[in-house]
Amino acid sequence: MAISDIVRTRFAPSPTGYVHVGGLRTALYNYLFAKKCGGKFILRIEDTDQTRLVEGAAENIEKVLEWAGLAPDESPLRGGDFGPYTQSQRLHLYKRYCEQLIAEKKAYYCFSTPEELEEVRKLQQKQGLQPKYNRKWLPESMGGSMPESKIKEALESGIPKVVRMKVPDGITIKIDDVIRGVVEFDSAVVDDQVLLKADGFPTYHLAVVVDDHLMQITHVIRGEEWLSSTPKHVLLYDFFGWEKPVFAHVPLLLNPDRTKLSKRQGDVAVEDYIKKGFSRDALLNFVALLGWNPGSGSEQEIFTLDELREQFSLEHVGKSGAIFNLDKLQWIEEQHIRRKSDAELAQAIRPILEEELKSRKTEMPIEKITSDEYLRAVAKEMKERARFIKEFVTFSSYFFFEPETYEEDAVKKRWKDHTNALLSEFAARLETLSDFTASAIEAELKTFCEAKGVKTAEMVHPIRLAVSGASFGPSLFHLLEIIGKEAVLRRIHRAVERLKREPAATS
RNA sequence: GGCCCCAUCGACUAGUGGUUAGGUCACUUCCCUUUCAAGGAAGCGGGACGAGUUCGAAUCUCGUUGGGGUCACCA
């Protein structure tokens, strides 16, 4: 059977609430591979487990992919020529193909109850056997012991039933995986998997194979946890006589203790990382590198989505699991911030600032602090210091808001008895300064300090505290220039006022 | 436990028979510096183990050990 001659990959999550970072990486690899090959990237929602459905989860998946810049070419929302893209809307297809398998004696009905199966399983485990379906309902005509008449009877009585695939005995099932090479399984270790559940929904195994075939998926790129159920899928392709896609089982993302990355040991939802302030570029860059590298010679660590798209290849995907390491992610985030231009950063900062301004009053002119020029200046001074984009507003809020408090330890250390007087006097000097630029302010301060016989540091630190409330931050003189004369003077006077009765003696 | 996968610095990794085993994060030190960062320089630290093949093995083979995944009418 012909398979598409253009590459088609898919991301096929189940809508259980949020997008896992491992899922994001899988989606990314699928997207990158497809795009690199000039192919299509498809999103399919695997909602065959009615008990695990979460309201709105499917929409959320599309939203997250959109955020990540990995918008699918075909999806439930977008549509496409191979829809529907939601498995619960394709039930008739699975049923039809199941009937075909039954007719061809490659699958059979099973009327064993879950309780019954559970009991059999327990017994097998007790005997140290492999838990497997005992083929109680395998018909005589297929080599089993159940008379056709009994099956017919059960069928007519309408008692709940499932459909199971009949795994051939004594064969070796080969998987050719691009990442792992040839992997072989003895058919004796694969169970007669349920294909169609009692509620009429397919299991994952039937649904993936049918859909991947019908949607003409050429490459199945998914997590390694699927490797051991792949023989079932291979068998189904063979049953149907369909051409198999290329399989690529990517290594798992791990907790620090090397178990599969899980909720219990930290944040796993992409949404969690978005909330923390990570940007899509950094997150994508980071997960891309967990299991993939640009290969021979290249020591590039920082990639934009475009660069990943150009350089990605399945050949350079590794085999061993990778620990999700926050330190590196943080570093990558910072690198991405530093690579952005001041103008780009200004654009990114503005909406965050505007949001903040909804709930917070500022003493500064709004038009001024939201202007492109102002935000670019802030970006320039802060881009080496910000760990997240949002920190331009939060960490250095003094660019936009008058400080309410002053770092206590720093005040203790820097606020001397004569500080108030010196600050007031210097403020008066600044008032007359016509050219309020970093260099002019610096020159003025030097002159002032010399005249007063104090060290520059004795002024620099208190001024920073007065104006920003913090003991750290960008170059003081640039900070003053950006904030502007009016605000600087106001803040110095306010600080002198507020710190008047709290000299260094408070300790 | 059965089956399957995996195994290079603490973490992410380069490397495909001949390298002083390279890079990045983290950590330490130094430089720069009015603060905090950033940046620059240096340091720390590694092929799980044991056999074999070979003139030569992180690289190939086998075994051992360790870790992981999977064994549902969940995906």
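Per chain, numbering begins at 1; letters A, B, ... match sequence-line order. Below, each value reflects all heavy atoms present in this structure, side chains not excepted, and no hydrogens, waters or symmetry copies.
Distances were taken from every side-chain heavy atom of Ser228(A) (C-beta onward) to each of U24(B), G39(B), G69(B); the shortest belongs to G69(B). Taking every side-chain heavy atom of Glu46(A) into account, A75(B) is the closest of C12(B), G15(B), A75(B). Nearest to the side-chain atoms of Arg180(A) among the listed nucleotides C6(B), C73(B), A26(B) stands C6(B). Comparing atom distances between the Arg385(A) side chain and each of C36(B), A11(B), U70(B) picks out C36(B) as nearest. When distances run from any side-chain atom of Thr259(A) to the nucleotides C5(B), A26(B), G68(B), the shortest one goes to G68(B). Listed nucleotides: C74(B), C4(B), A14(B). Nearest to the side chain of Asn293(A): A14(B). Listed candidates were C12(B), A38(B), C5(B). Nearest to the side chain of Leu227(A) is C5(B). Distance from the side chain of Ser320(A) is smallest to C6(B) among C5(B), C6(B), A75(B). Taking every side-chain heavy atom of Lys260(A) into account, G69(B) is the closest of G69(B), A75(B), C25(B). When distances are taken from the side chain of Asn325(A) to each of G69(B), U24(B), A11(B), the shortest belongs to A11(B).
For the pair Glu118(A) and Arg121(A), the salt-bridge criterion is met [side-chain N within less than 4.0 Å of a carboxylate O]. Salt-bridge annotation for Asp267(A) and Lys276(A): present, with a side-chain N of the basic residue lying under 4.0 Å from a carboxylate O of the acidic one. Under 4.0 Å is where a charged nitrogen must lie from a carboxylate oxygen, and between Lys95(A) and Glu99(A) at least one such pair does.
The P atoms of U61(B) and A57(B) are separated by 15 Å, rounded to the nearest whole Å. One P atom belongs to A37(B), the other to U29(B), and the distance between them is 13 Å to the nearest Å. Of the C1' atoms belonging to G69(B) and C55(B), the separation is 42 Å, rounded to the nearest Å. Comparing G39(B) with C60(B), their P atoms sit 37 Å apart, to the nearest whole Å. Straight-line distance between the C1' atoms of G45(B) and A26(B): roughly 12 Å, to the nearest whole Å. Rounded to whole Å, the P atom of A7(B) lies 14 Å from the corresponding atom of C62(B). Between G10(B) and G46(B), the distance separating the two C1' atoms is 11 Å to the nearest Å. With both ends at atom P, the span from G15(B) to C74(B) equals 42 Å, rounded to whole Å.
Here Arg44(A) does not reach the OP1 or OP2 of A75(B): none of its side-chain N or O atoms lies under 4.0 Å away. Within the 4.0 Å cut-off from OP1 or OP2 of C74(B), not a single side-chain nitrogen or oxygen of Gln193(A) is found. Taking side-chain N and O atoms only, Lys197(A) has no distance below 4.0 Å to OP1 or OP2 of A72(B). Contact annotation: Arg164(A) reaches the phosphate of C73(B) (side-chain N/O to OP1 or OP2, under 4.0 Å). For the OP1/OP2 pair of A75(B) and a distance below 4.0 Å, the side-chain nitrogens and oxygens of Thr48(A) include at least one atom meeting the criterion.
Between Trp292(A) atom CH2 and U13(B) atom C1' the separation is 12 Å, expressed in whole Å. Between the CZ atom of Phe185(A) and the P atom of C5(B) there is a distance of 7 Å, rounded to whole Å.
In this pair, Trp226(A) and Tyr204(A) present their aromatic rings parallel. The plane angle is below 30°, not in the 30 to 60° band.
Paired with Val194(A) under the rule side-chain contact (heavy atoms from CB on, under 4.5 Å), one option of Leu117(A), Val163(A), Thr203(A) passes, and it is Thr203(A).
Arg52(A) comes within 4.0 angstrom of a nucleotide base, judged by non-hydrogen atoms across all strands.
Note: Phe324(A) and Phe286(A) meet the aromatic proximity criterion, with ring centroids under 6.0 Å apart.
Pairing for C73(B) is absent, with no Watson-Crick or G-U wobble pair whose two atom distances lie under 3.5 Å.
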